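Just so we're clear, the structure is a prediction, and the values are computed from it rather than from any experiment. Order of the sequence lines fixes the chain letters, A, B, ..., with proteins taken first and strands second; residue numbering starts at 1 for each chain.
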Amino acid sequence: MHLAKQLMAIPGVIAAGEYAYRGDRYTYEGGLTDEYARMASILCRANTLNASMQAEMFSSFAEHCGCRPLQGWVVRGKQVSVCAVGNFFCLLENRQGVLNDVMTVLRAKVGDISDDVMKVMYSKIGGDVTEQLV
Amino acid sequence: MELAKLMEVPGVMAAFTYTDKGDLTNQMIKEGNELTPQVLDLLAHTCVANMAVATMEARGWEALTGQKGFEPLQGFSLVGLDWTAVVNGNCGVVVKNRDADYEVAFAAISACAA
């Protein structure tokens, strides 16, 4: 089953989607319009890149600090939360147990990214990945 | 709330407090992990910045889409390979991913921030 459909099966999930690391392609399920899903994809990609850069910086203080490669992030709102792991995002209600269920599914299916997420993103853009990161 | 209370969160590796600018003010780190006060200080600065960005995005999203329920934000979490940082207000915890209970961590942080 596609991961977004799997997430949508969790009661309390409002929408879920997948975005390309380039940000110009996306798929989604649930309660968003196409335009809002496009905006959410861009927002999640930008935040993931930003957080990934931050994780890189942590490792300059402690090389094996356990923070990198970054897996994702969560923004907890008053009644609604957004989480992103890898190139998947999920919009959910703050009901008991929903966030834990969503993160369990996302981390099991997408998390523990074996490659550096920055390198993966750059590789999707093209060019010499190592050279671009030096 | 005392840091000792935050150290009761499942899977906790460290608990810390910080100023509005992100300067570390206090910390407790469990033995046997690579976290240092320097890492926590950078983490606190990062989280202050991320909370500001997330607030801007939440406000913009609510205005653009009409969808409510984000503001005021209750916290931000950075999910690393082995651990996750959860912050809100001037409090933060770092928990092991394999033992993490995100909802308990957010609740503990919100209680600390209150």
Kindly indicate whether the side chain of A:Met103, heavy atoms from C-beta on, has any atom under 4.5 Å from the side chain of B:Val79.
yes
Exceeds 12 heavy-atom contacts within 6.0 angstrom, atom NZ of B:Lys68:
yes
For chain B, find which of A:Asn50, A:Thr33, A:Leu91 contributes the most heavy-atom pairs closer than 4.5 angstrom.
A:Leu91
B:Leu81 versus A:Gln71, closest heavy-atom pair with distance
CD1-NE2, 3.5 Å
To the nearest 0.5 Å, atom CD of A:Gln54 lies from atom SG of B:Cys47 at 8.0 Å
Decide yes or no on side-chain contact (heavy atoms from CB on, under 4.5 Å) for A:Val102 and B:Tyr102, but give the supporting numbers first.
CA-CA 10 Å; A:Val102 165; B:Tyr102 292 92; over 6 Å; no
Looking only at heavy atoms and a cut-off of under 4.5 Å, which of B:Leu43, B:Val53, B:Val104, B:Thr84 has the most pairs with chain A?
B:Leu43
Between B:Leu73 and A:Gly77, the two heavy atoms sitting closest are CD2-CA, 4.0 Å
So which atom in B:Glu103 and which in A:Leu99 form the shortest heavy-atom distance, rounded to 0.1 Å?
OE2-N, 2.9 Å
dist B:Asp101:CG -> A:Asn100:CG (nearest 0.5 Å) comes out at 4.5 Å
Given heavy-atom pairs under 4.5 angstrom as the criterion, report whether the side chain, backbone, both or neither of A:Gln96 touches chain B.
both
Roughly how far, to the nearest 0.5 Å, is the CE atom of A:Met57 from the CG atom of B:Leu42?
5.5 Å
Pair A:Asn94, B:Gln74: side-chain N/O donor-acceptor within cut-off below 3.5 Å
no
Between A:Asn47 and B:Glu57, is the side-chain contact (heavy atoms from CB on, under 4.5 Å) condition met? List the steps.
CA-CA 10 Å; A:Asn47 285 347; B:Glu57 291 172 343; 2.9 Å; yes
Quick one: what part of A:Ala84 sits under 4.5 Å from any heavy atom of chain B, side chain, backbone, both or neither?
neither
Residue A:Ala55 versus chain B: region with a heavy atom under 4.5 Å
neither
Measure up the B:Trp83 and A:Phe58 rings against each other and bin them: parallel (under 30°), tilted (30 to 60°), perpendicular (over 60°).
tilted
Is any side-chain heavy atom of A:Trp73 closer than 4.5 Å to one of B:Asn50?
no
Is any residue of residues 22-33 of chain B within less than 4.5 Å of chain A by heavy atoms, and which ones?
none
Looking only at A:Ala40, A:Gly31, A:Ser81, A:Ser60, the option with the highest number of non-hydrogen pairs under 4.5 Å against chain B is A:Ala40
Apply side-chain contact (heavy atoms from CB on, under 4.5 Å) to the pair B:Thr65 and A:Leu32, showing each step before the final yes or no.
CA-CA 9 Å; B:Thr65 66; A:Leu32 291 174; over 6 Å; no
Roughly how far, to the nearest 0.5 Å, is the CD atom of B:Gln67 from the CD atom of A:Gln79?
10.5 Å
Taken to the nearest 0.5 Å, the spacing of A:Cys67 SG from B:Glu34 CD works out to 10.0 Å
